[in-house]
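This report refers to the structure that appears directly beneath it.
The shown structure was predicted, so the numbers you read here are calculated from the model rather than taken from an experiment.
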Amino acid sequence: MKVLWIEDHEPVRTMLAHAADKAARARIPVDLVMAEGLLAAERRLRLERFDLVIVDLQLPETGDDVDMAVARVANMGKHRIAVASSRPERDDVVASAVRCGANIHGQAVFKAALNFNRFIQRPESFEDFLLELMPAAGARPAIRAA
């Protein structure tokens with residue numbers, strides 16, 4: 001699985017890089033690409049195909065517009081999106097994206113509660129976390145009447 005994680009917080013990127021390295025050593029099929037901001041992510045999305053894009057809502061380019069990151073990422077391809085943020089609006093942003101028909105995991109991840117050390121110590125838990133963000137096999141998104 002190829003994952004783009006958009007995260008501007010350096011310590012989080014470092015821990016994720018360690019988790020990805022441990023997963024690679026354990027031969028777990030996770031290819032993690034980090035982007036430190038929305039512009040860097042958009043450059044990657046133009047050139048590469050990702051199965052999953054994880055978005056932090058508090059990025060330098062978005063300011064207080066917490067919906068902008070998800071909207072811009074959703075318009076750049078047919079990848080699955082997940083929100084991992086400590087912003088209190090994260091659930092509202094996900095609910096709005098679901099209503100708009102985005103291919104997004106229906107529940108935001110509270111980033112401050114993620115156990116990055118566990119991802120490093122047990123690489124299969126990192127893969128399990130990423131797989132939980134993907135749609136179930138054979139699942140079809142619900143189409144809602146307007």
Side-chain angles (χ1 to χ4, degrees), residues 1-137 139 141-142:
M1 171 187 332
K2 190 165 183 178
V3 179
L4 174 63
W5 196 309
I6 308 168
E7 175 61 58
D8 67 325
H9 196 61
E10 179 64 33
V12 173
R13 284 198 317 267
T14 300
M15 288 184 285
L16 287 167
H18 286 303
D21 183 54
K22 291 285 188 160
R25 290 181 191 185
R27 299 187 188 272
I28 294 174
V30 172
D31 181 8
L32 180 67
V33 176
M34 300 297 301
E36 61 188 39
L38 196 52
L39 295 176
E42 288 175 336
R43 282 192 297 272
R44 298 302 290 251
L45 287 167
R46 279 189 205 100
L47 300 173
E48 300 174 60
R49 187 178 188 293
F50 293 91
D51 301 305
L52 176 64
V53 179
I54 302 175
V55 181
D56 181 13
L57 298 179
Q58 192 164 339
L59 297 168
E61 300 93 343
T62 61
D64 288 331
D65 187 357
V66 293
D67 292 303
M68 183 186 1
V70 173
R72 286 175 58 177
V73 168
N75 286 317
M76 295 206 66
K78 295 185 178 189
H79 39 261
R80 176 72 163 183
I81 301 169
V83 171
S85 180
S86 295
R87 295 284 303 239
E89 307 94 339
R90 65 188 170 278
D91 294 323
D92 295 334
V93 170
V94 169
S96 176
V98 168
R99 284 192 303 274
C100 292
N103 180 11
I104 190 166
H105 183 66
Q107 189 171 2
V109 174
F110 182 44
K111 184 174 67 176
L114 283 177
N115 190 344
F116 295 105
N117 286 329
R118 182 169 174 82
F119 293 163
I120 294 167
Q121 294 167 356
R122 299 195 42 147
E124 64 279 358
S125 69
F126 186 47
E127 180 187 31
D128 291 343
F129 167 73
L130 296 173
L131 289 173
E132 288 174 8
L133 301 176
M134 297 299 288

**Request:** Could you check Asp56, Val53, Leu45 and say which one makes a side chain to side chain contact (heavy atoms under 4.5 Å, CB included) with Ile6?
**Result:**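 Result: among Asp56, Val53, Leu45, Val53 is the only option passing the side chain to side chain contact (heavy atoms under 4.5 Å, CB included) with Ile6.
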In Å, rounded to the nearest 0.5 Å, how long is the span from [atom1] of [X] to [atom2] of [Y]?
X      : Y      : atom1 : atom2 : result
Ser125 : Ile120 : OG    : CD1   : 10.0 Å
Gln121 : Lys22  : CD    : NZ    : 8.5 Å
Ile81  : Leu52  : CD1   : CG    : 9.0 Å
Leu131 : Met1   : CG    : CE    : 4.0 Å
Leu133 : Asp51  : CG    : CG    : 12.5 Å
Asn117 : Met15  : CG    : CE    : 7.0 Å

State, with a plain yes or no, whether a side-chain heavy atom of [X] is found less than 4.5 Å away from one of [Y].
X      : Y     : answer
Pro135 : Arg80 : yes
Pro60  : Glu36 : no
Val94  : Val70 : no

**Asked** Counting heavy atoms not belonging to Gln107, are there more than 12 under 6.0 Å from its CD?
**Response**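 Atom CD in Gln107 is not packed in, count stays at 12 or less.
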**Atom CD of Glu127: over 12 foreign heavy atoms under 6.0 Å** =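 Yes - once you tally the heavy atoms of other residues, nucleotides and ligands closer than 6.0 Å, there are more than 12.
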Taking all non-hydrogen atoms of both residues, which atom of [X] and which atom of [Y] are closest, and how far apart?
X      : Y      : value
Leu57  : Thr62  : O-OG1, 3.4 Å
Glu61  : Leu39  : OE2-N, 3.2 Å
Ala23  : Pro123 : CA-CB, 3.7 Å
Glu124 : Ile28  : N-CD1, 3.4 Å
Val30  : Phe126 : CG1-CE2, 4.0 Å
Gly106 : Val98  : CA-CG2, 4.2 Å

**Prompt:** So, are Glu7 and Lys111 salt-bridged, with charged N and O less than 4.0 Å apart?
**Reply:**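 Here Glu7 pairs with Lys111 in a salt bridge, since their nearest N and O are under 4.0 Å apart.
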So does [Y] get a backbone contact from the side chain of [X], meaning a donor-acceptor N/O pair under 3.5 Å?
X     : Y     : result
Arg90 : Arg87 : yes
Asn75 : Ala71 : yes
His79 : Val73 : yes

**Request:** For the pair Asp92 and Asp67, evaluate side-chain contact (heavy atoms from CB on, under 4.5 Å) and give the outcome as yes or no after the intermediate values.
**Result:** CA-CA 9 Å; Asp92 295 334; Asp67 292 303; over 6 Å; no
**Request:** Please report the C-alpha distance between Val33 and Lys2 in whole Å, then the side-chain angles of each, then the deciding distance to 0.1 Å, and finally whether the side-chain contact (heavy atoms from CB on, under 4.5 Å) criterion is met.
**Result:** CA-CA 8 Å; Val33 176; Lys2 190 165 183 178; 4.2 Å; yes
